[in-house]
Number of protein chains: 2
Amino acid sequence: MVTIGDIARAAGVSRSTASYALSGKRSISAEVRQRVAEAARELGYTPNAGARALATSETMVIGLLAQFHEDEFAPAMLQYMLGVSDTARELGYDTLLVTEADGARALRRITSSRMVDGVVLLNVAQDDARLPLLRSAPQPGALVGLPGDCSGVDVFDFDFEAAGRLMVDHMHRLQHRKLILVSQPEHVVQRGGAYVWRLQNAVVEQARARGIELHAVFGESRQPEVGRTLHALLDAHPTATGLLLNNEAAAAALPSVLHARGLETPRDLSVIGRYSDEFARTFSLPFTSIESAPDLLGEMAVRQLVRRIVTPQARGDEPHVLRLLTPELVDRGSTGLPPATPSNTCVQGGIQ
Amino acid sequence: MVTIGDIARAAGVSRSTASYALSGKRSISAEVRQRVAEAARELGYTPNAGARALATSETMVIGLLAQFHEDEFAPAMLQYMLGVSDTARELGYDTLLVTEADGARALRRITSSRMVDGVVLLNVAQDDARLPLLRSAPQPGALVGLPGDCSGVDVFDFDFEAAGRLMVDHMHRLQHRKLILVSQPEHVVQRGGAYVWRLQNAVVEQARARGIELHAVFGESRQPEVGRTLHALLDAHPTATGLLLNNEAAAAALPSVLHARGLETPRDLSVIGRYSDEFARTFSLPFTSIESAPDLLGEMAVRQLVRRIVTPQARGDEPHVLRLLTPELVDRGSTGLPPATPSNTCVQGGIQ
DNA sequence: CTGAAAGCGCTTACAG
DNA sequence: CTGAAAGCGCTTACAG
């Protein structure tokens with residue numbers, strides 16, 4: 001391989017001069033700079049990343065710890081990953097993707113071996129096993145997902161509480177008095193997926209404050225189970241006029257369920273989901289929804305992480321960030337006034 | 001940070017002895033090995049990856065070049081990525097994920113700077129701009145996707161021709177005589193997505209050979225456009241009795257379309273898709289399909305890549321591999337004999 | 001069985 | 001403005 005020594009020889013200068021000429025870190029005569037640049041171009045020189053990392057203690061790589069659980073909706077994770085990866089590249093960093101099941105072990109491996117300059121954790125749980133390791137790691141870390149203890153890390157998440165209140169208030173304003181909430185599977189909660197109960201608790205509380213009757217359940221993450229759950233819910237609560245979905249799989253299943261029951265939104269039922277616009281477009285979800293902005297969250301996490309990496313004083317001194325994204329409603333026309341005689345099962349009876 | 005020098009000092013041996021004791025690359029007295037291991041454990045030693053890479057010329061990282069195009073179905077890509085990443089880890093490698101639009105530039109960056117020991121290219125096009133660079137790179141490469149020129153690389157792909165023939169023959173055996181094929185968007189073809197026309201050509205040819213009337217179209221990659229296309233197709237060809245889908249978005253949209261038209265498989269229409277089982281489960285696709293096995297393809301590519309990396313003689317000498325995965329039909333009960341009086345629009349007429 | 005030394009390819013104080 | 005040298009933290013022939 002062609003090294004900086006080859007460049008130096010070809011340009012007739014020392015290796016240090018060649019290095020400085022290339023990096024521009026000290027003033028070099030125009031002529032020498034010229035010769036070095038030409039030599040580098042002709043020989044096709046690229047600095048060896050490992051050698052540079054050893055000399056500078058900077059790898060220009062960030063670690064991306066994704067976690068895929070059987071009972072979570074995998075395609076949603078991809079959007080976070082792309083937000084992270086694209087932003088990292090924009091800022092001059094490459095991305096080491098880690099998908100192994102034992103995230104704590106993986107985190108230890110890549111941080112203690114200095115493979116990365118910093119780390120983004122995705123899908124952070126309430127009591128995430130990766131966090132103690134991250135805090136004691138020499139590199140800074142940014143989280144997507146709100147853990148119970150935010151100390152020592154920068155945290156970015158969607159404001160699920162506000163989203164829950166927004167859902168209820170929107171329905172309340174439209175005079176709905178009986179709602180159903182379908183959350184992610186209960187397993188996700190048990191594993192510490194705080195976002196599930198953060199939204200659910202907010203919905204429960206706000207419904208109580210508004211005098212709204214609410215039926216909250218955990219839905220499955222898979223078809224056709226979640227479709228059956230939706231059918232069962234609509235059967236059990238024929239007078240519910242609004243459906244709130246914090247469950248991508250349920251949102252994807254709902255169009256078929258509504259078709260099968262002969263229901264239309266918002267005529268027979270008002271629906272609000274919570275997912276990304278990208279998700280809505282891919283699966284043609286015609287429901288008003290709260291944008292979860294996964295790419296933006298990934299981007300914000302990386303920008304803050306790189307700030308910490310490049311500014312030494314931001315390392316420990318600067319207070320850590322906790323940023324919750326304010327939810328916004330994307331109106332796709334699936335909410336309206338409740339029907340005069342609410343019954344979301346009548347049509348189904350007619351068909352069968 | 002704690003280095004091998006610290007370990008050596010703590011164990012009272014030389015750095016080389018410490019290194020050998022840890023790697024086991026030469027015989028070390030049991031007692032010294034013990035002391036070194038203990039020192040490493042107590043001090044929490046992990047070798048510096050950059051230093052090791054510099055010394056050994058091995059990074060233990062493979063590059064994963066993904067490509068996301070606006071008109072392709074992103075969630076499908078994730079499964080390839082996970083197949084690659086999980087297998088790499090199993091074999092002791094980490095994965096550098098590259099998602100930037102200019103894949104050729106990215107490939108040059110990570111190979112010429114020696115950030116990776118080898119590279120997996122996803123979504124390879126007929127005349128892929130990344131291939132010339134890969135051939136001249138010092139690291140070996142494995143492709144997922146069949147290019148026009150396979151020289152110098154190991155290639156893994158699904159046998160789309162065989163899949164096309166399988167689809168037609170299956171329908172032919174069931175006595176279907178008029179079929180519709182919905183492929184991926186035409187843009188994908190224009191960009192060199194050979195898999196689209198490989199399947200389509202095979203379907204066209206096999207249909208001709210079997211005396212089957214075939215209508216082949218390119219579908220969109222998005223909802224609701226692709227749903228409208230499906231409706232239009234069924235309107236235009238009311239006597240078609242079988243539908244072949246080489247388009248994930250169309251497959252995801254079809255259940256709603258069938259519902260809307262009051263059609264049932266296989267009673268009114270026989271359907272065969274081509275996607276992964278994972279995809280089918282996530283979106284509850286009740287269609288008989290040809291398994292595209294993205295995770296398996298990713299896995300095979302990595303295994304072969306690592307073979308090339310670790311066995312020097314396999315570097316250039318050993319002939320390159322071209323492996324096309326034989327398609328298999330997963331019967332989900334959506335195909336059967338055609339209806340006596342085929343008309344996939346009658347019910348729609350009745351409803352409207 | 002073990003140690004001293006060279007070398008991987010960079011960067012960057014230190015001198016001039 | 002430029003060069004010689006040290007050093008980053010490893011591994012591995014070379015000697016004993």
Side-chain angles (χ1 to χ4, degrees), chain A residues 1-37 39-40 43-61 109-117 138-139 312, chain B residues 1-37 39-40 43-61 109-117 138-139 312:
Chain A
M1 76 178 292
V2 29
T3 74
I4 197 158
D6 300 324
I7 304 304
R9 200 173 314 116
V13 297
S14 72
R15 297 194 307 156
S16 62
T17 299
S19 174
Y20 283 121
L22 256 20
S23 71
K25 286 193 182 171
R26 79 177 179 194
S27 39
I28 298 282
S29 71
E31 194 222 325
V32 167
R33 200 181 325 123
Q34 190 77 287
R35 286 213 310 272
V36 170
L43 302 182
Y45 170 71
T46 311
N48 180 295
R52 175 173 277 179
L54 187 55
T56 62
S57 300
E58 284 189 355
T59 63
M60 300 309 286
V61 175
R109 183 182 70 249
I110 68 171
T111 54
S112 65
S113 67
R114 301 298 213 281
M115 297 181 79
V116 296
D117 294 338
Q139 300 97 334
Chain B
M1 79 176 289
V2 31
T3 74
I4 197 158
D6 301 324
I7 305 305
R9 200 172 316 117
V13 297
S14 72
R15 297 194 306 155
S16 61
T17 298
S19 175
Y20 282 120
L22 254 20
S23 71
K25 285 192 182 171
R26 78 175 180 193
S27 39
I28 297 282
S29 70
E31 193 223 327
V32 166
R33 199 181 328 121
Q34 190 76 288
R35 286 212 311 271
V36 169
L43 302 183
Y45 170 69
T46 313
N48 179 295
R52 174 173 279 180
L54 186 56
T56 62
S57 300
E58 284 189 354
T59 64
M60 300 309 285
V61 175
R109 184 181 70 250
I110 68 171
T111 54
S112 66
S113 67
R114 302 298 213 281
M115 297 181 80
V116 296
D117 294 339
Q139 299 95 336

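Note on naming: letters A, B, ... go to the chains in the order of the sequence lines (proteins, then strands), and numbering restarts at 1 for each one.
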Between D/dT2 (P) and A/Y20 (OH): distance, integer Å = 13 Å

task = Calculate the interatomic distance between A/M115 atom CE and D/dG9 atom P; express it in whole Å.
result = 17 Å

query = Considering all heavy atoms of both residues, which atom of B/A18 and which atom of B/V36 are nearest to each other, and what is their separation?
reply = O-CG1, 3.9 Å

key: Listed nucleotide nearest any side-chain atom of A/T17, set D/dG3, D/dC10, D/dA13   = D/dG3

key: Sugar-phosphate, base or nothing in reach of A/S113, heavy atoms under 4.0 Å   = nothing

remark   = To the nearest 0.5 Å, atom CZ of A/R35 lies from atom CD1 of A/I7 at 13.0 Å

Complementary nucleotide for C/dA13 - Watson-Crick or wobble, under 3.5 Å = none

From C/dC10, D/dT12, D/dG9, nucleotide with atom closest to B/T56 side chain = D/dT12

request  = Using atom types as modelled and distance alone, determine if a side-chain donor or acceptor of A/D117 lies under 3.5 Å from a backbone N or O of A/E58.
outcome  = no

request  = Of all the heavy-atom pairs spanning A/A40 and A/L22, show the shortest one and how long it is.
outcome  = CB-CD1, 4.4 Å

task = Describe the nucleic acid contact of A/S19 in one word from base, sugar-phosphate, nothing, applying a heavy-atom distance below 4.0 Å.
result = base

ask   = Counting just side-chain N and O atoms, does B/Y45 come under 4.0 Å of either OP1 or OP2 of D/dC10?
value = yes

note = Rounded to the nearest 0.5 Å, the CZ atom of B/R15 sits from the OH atom of B/Y20 at a distance of 12.5 Å

key: Identity of whatever pairs with D/dA4 - Watson-Crick or G-U, under 3.5 angstrom   = none

note = From CZ of A/R35 across to C1' of D/dT2 the rounded distance in Å is 11 Å

query = What nucleic acid atoms does A/S16 come within less than 4.0 Å of, heavy atoms only: base, sugar-phosphate, or nothing?
reply = base

request  = Pick base, sugar-phosphate or nothing for A/S27, based on heavy-atom distances below 4.0 Å to the nucleic acid.
outcome  = base

ask   = OP1, OP2 of D/dT12 versus side-chain N and O of B/K25: anything below 4.0 Å?
value = yes

ask   = Given atom CG of B/L54 and atom P of D/dC10, what is their separation to the nearest angstrom?
value = 12 Å

ask   = Given that B/S14 and A/A51 both sit by DNA chain C, which one's nearest nucleotide is further toward the 5' end?
value = B/S14

task = Choose from C/dC10, D/dG3, C/dG3 the nucleotide whose nearest atom is closest to any side-chain atom of A/R15.
result = C/dC10

request  = Name the closest nucleotide to the A/A55 side chain, picking from C/dG9, D/dG3, C/dG3.
outcome  = C/dG9

task = Using atom CD1 of B/I7 as one end and atom P of C/dG3 as the other, report the distance to the nearest whole Å.
result = 15 Å

query = Does A/S29 put a side-chain nitrogen or oxygen below 4.0 Å from OP1 or OP2 of D/dC1?
reply = no

request  = State which of C/dA13, D/dC14, D/dT11 makes the closest approach to the side chain of A/R26.
outcome  = C/dA13

note = B/N48 atom CG is separated from D/dG9 atom C1', nearest whole Å, by 6 Å

query = Heavy-atom distance under 4.5 Å between the side chains of A/N48 and A/T3, does that happen here?
reply = no

request  = Return the value, rounded to whole Å, for the distance between atom CE of A/M1 and atom P of C/dC8.
outcome  = 11 Å

Nearest-Å distance for atom pair CD1/P, residues B/I4 and C/dG3 = 13 Å

